[in-house]
Amino acid sequence: MKLAISGTETIFQIGKIEALLKAANTYGLEWIELWIPDNVAADDLERAKKLLDQHKVKVATISSWKHLNMPGEELITQQFLLDAIDMAEFLGARHVNVYFGGNPAIDAAQAIANCKELLKPVLEKASQKKVMIVIENEFDPANEDPHCADITRKGETLLTLMEAVDSPWFKCTFDACNFYFAGEEPFPKAYSILKKHIGYVHLKDGARYVPELHDRIDGAKIWNDPTGRYICLDLGLGAINYAGLLNALKHDGYAGFVTLEPHTFADDRIHHSYVHSLKYLESFDLN
């Protein structure tokens, strides 16, 4: 497995891509997940490539907060994915990350059928360019899906989407913490359902928010979902069985990226989380 860090942690900092590259160098990491336009604008990729070369850092994944099933965004997301495949090819990235989204006006079967149709030209281009589209399971961090209509919240319905699309260029980004925040057991349940379809992995830990336990943690962010209130924690300190998940990934032959995204945005807290989480990962032979 190859370790990367996500650009979500630096999107609020001045010099967003520079801050991300500095973080990668600080922690001795070779790979990053680059968010468009949050880390760098789509029309600024020439400068980004020069900076990547200067810092000796490579891009694992292009990502953006786009949704395939959000009402009114479908064609915008399709065009973004078509453009992002070119961006990924230019930067040498192997994946483009996207989300599904919740639309309570249609049922899961119709949402999946619409998504399959929307992805046809995208996956044709992905096949030509050898860039994989990965869809990330999600909870509701932005209060956009109060009805919990996003099918990626559950392993079974995400599996239905994967099997319906049925393309080697369409896999899932497995985010154990997102499953937990959505009320789904990430491991072993969701993992056992989806393991054949995993193309990318996000790493962050979390737990249900308990004021007496968590209010003393400086810089920690509270996340809300219809299922409850949650807090992100350093790897190994939350409710997720990461020992089981990481060992299962290795046992099952997963050799792709595992990307740290602590989801804490205070500078001191980010540093602490990277240091602790990287130390935690040292106890696993990811190679």
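Positions are given from 1, in the same order as the sequence printed here.
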>> Using every non-hydrogen atom in the two residues, find where Glu184 and Ala190 come nearest and quote the distance to one decimal.
In response: CG-CB, 4.2 Å
>> Nearest 0.5 Å, please: how far is CG in Leu118 from CG in Asn69?
In response: 9.5 Å
>> Main chain of Val40, side chain of Asp44: is a donor-acceptor contact present, judged purely on distance under 3.5 Å?
In response: no
> So which heavy atom on Arg208 is nearest to which on Gly228, and how close?
Replying inline: NH1-CA, 3.9 Å
> Got a donor-acceptor contact below 3.5 angstrom from the Asn137 side chain to the Arg153 backbone?
Replying inline: no
>> Let me confirm one number: the CD1-OG distance from Ile36 to Ser64, rounded to the nearest 0.5 Å.
In response: 7.5 Å
> Is the backbone N or O of Glu124 less than 3.5 Å from a side-chain atom of Ser127, with the two atoms forming a donor-acceptor pair by type?
Replying inline: no
> What closest approach, in Å, do Thr152 and Glu136 show between heavy atoms, and which atom pair accounts for it?
Replying inline: OG1-O, 3.8 Å
> Looking only at atom types and distance, does a side-chain atom of Glu185 sit under 3.5 Å from a main-chain N or O of Lys189, one as donor and one as acceptor?
Replying inline: yes
>> Checking Phe174 against Phe179 for the ring-ring contact (aromatic ring centres under 6.0 Å, His included) test, could you report, in this order, the C-alpha distance in whole Å, the side-chain angles of both residues, the deciding distance, and whether it holds?
In response: CA-CA 9 Å; Phe174 190 89; Phe179 270 130; 5.4 Å; yes
> Is a side-chain N or O of Asp234 found less than 3.5 angstrom from the main chain of Leu237, in a donor-acceptor match?
Replying inline: no
>> Return the NE2 to CG distance between His263 and Leu233, rounded to the nearest 0.5 Å.
In response: 13.0 Å
> From Asp38 CG over to Trp65 CH2, what is the distance, rounded to the nearest 0.5 angstrom?
Replying inline: 10.5 Å
>> Checking the side chain of Asp140 only, and the main-chain atoms of Asp145 only, is there a donor and an acceptor separated by less than 3.5 Å?
In response: yes
> So, does Ser283 use its side chain to make a donor-acceptor pair with the main chain of Lys279 at under 3.5 Å?
Replying inline: no
> Can we say Asp285 and Lys250 salt-bridge, meaning some charged N sits less than 4.0 Å from an Asp/Glu carboxylate O?
Replying inline: yes
>> Please check this pair: side chain of Glu33 against backbone of Ser63, looking for a donor-acceptor N/O pair closer than 3.5 Å.
In response: no
> Using the ring of each side chain (for Trp, its six-membered ring), is His95 parallel, tilted or perpendicular to Tyr200, with breaks at 30° and 60°?
Replying inline: tilted
> Among Thr61, Leu21, Leu20, whose side-chain contact (heavy atoms from CB on, under 4.5 Å) with Leu34 holds?
Replying inline: Leu20
>> Given 3.5 Å as the limit, does a donor-acceptor pair link the side chain of Ser273 with the main chain of Arg269, or not?
In response: no
> Say you draw a straight line from CG of Asn224 to OH of Tyr209; how long is it, rounded to the nearest 0.5 Å?
Replying inline: 10.5 Å
> Should the ring pair Tyr180 and Tyr230 be called parallel, tilted or perpendicular, given that the plane angle runs from 0 to 90° and is split at 30 and 60?
Replying inline: perpendicular
>> Students often mix this up, so state it plainly: with edges at 30° and 60°, are the rings of Tyr274 and Tyr27 parallel, tilted or perpendicular?
In response: tilted
>> For the NZ atom of Lys2 and the CG atom of Leu29, what is their distance to the nearest 0.5 Å?
In response: 14.0 Å
> With a distance cut-off below 6.0 Å to the six-membered ring centre and an angular limit of 45° from the axis, does Lys221 pair with Trp223 as a cation-pi contact?
Replying inline: yes
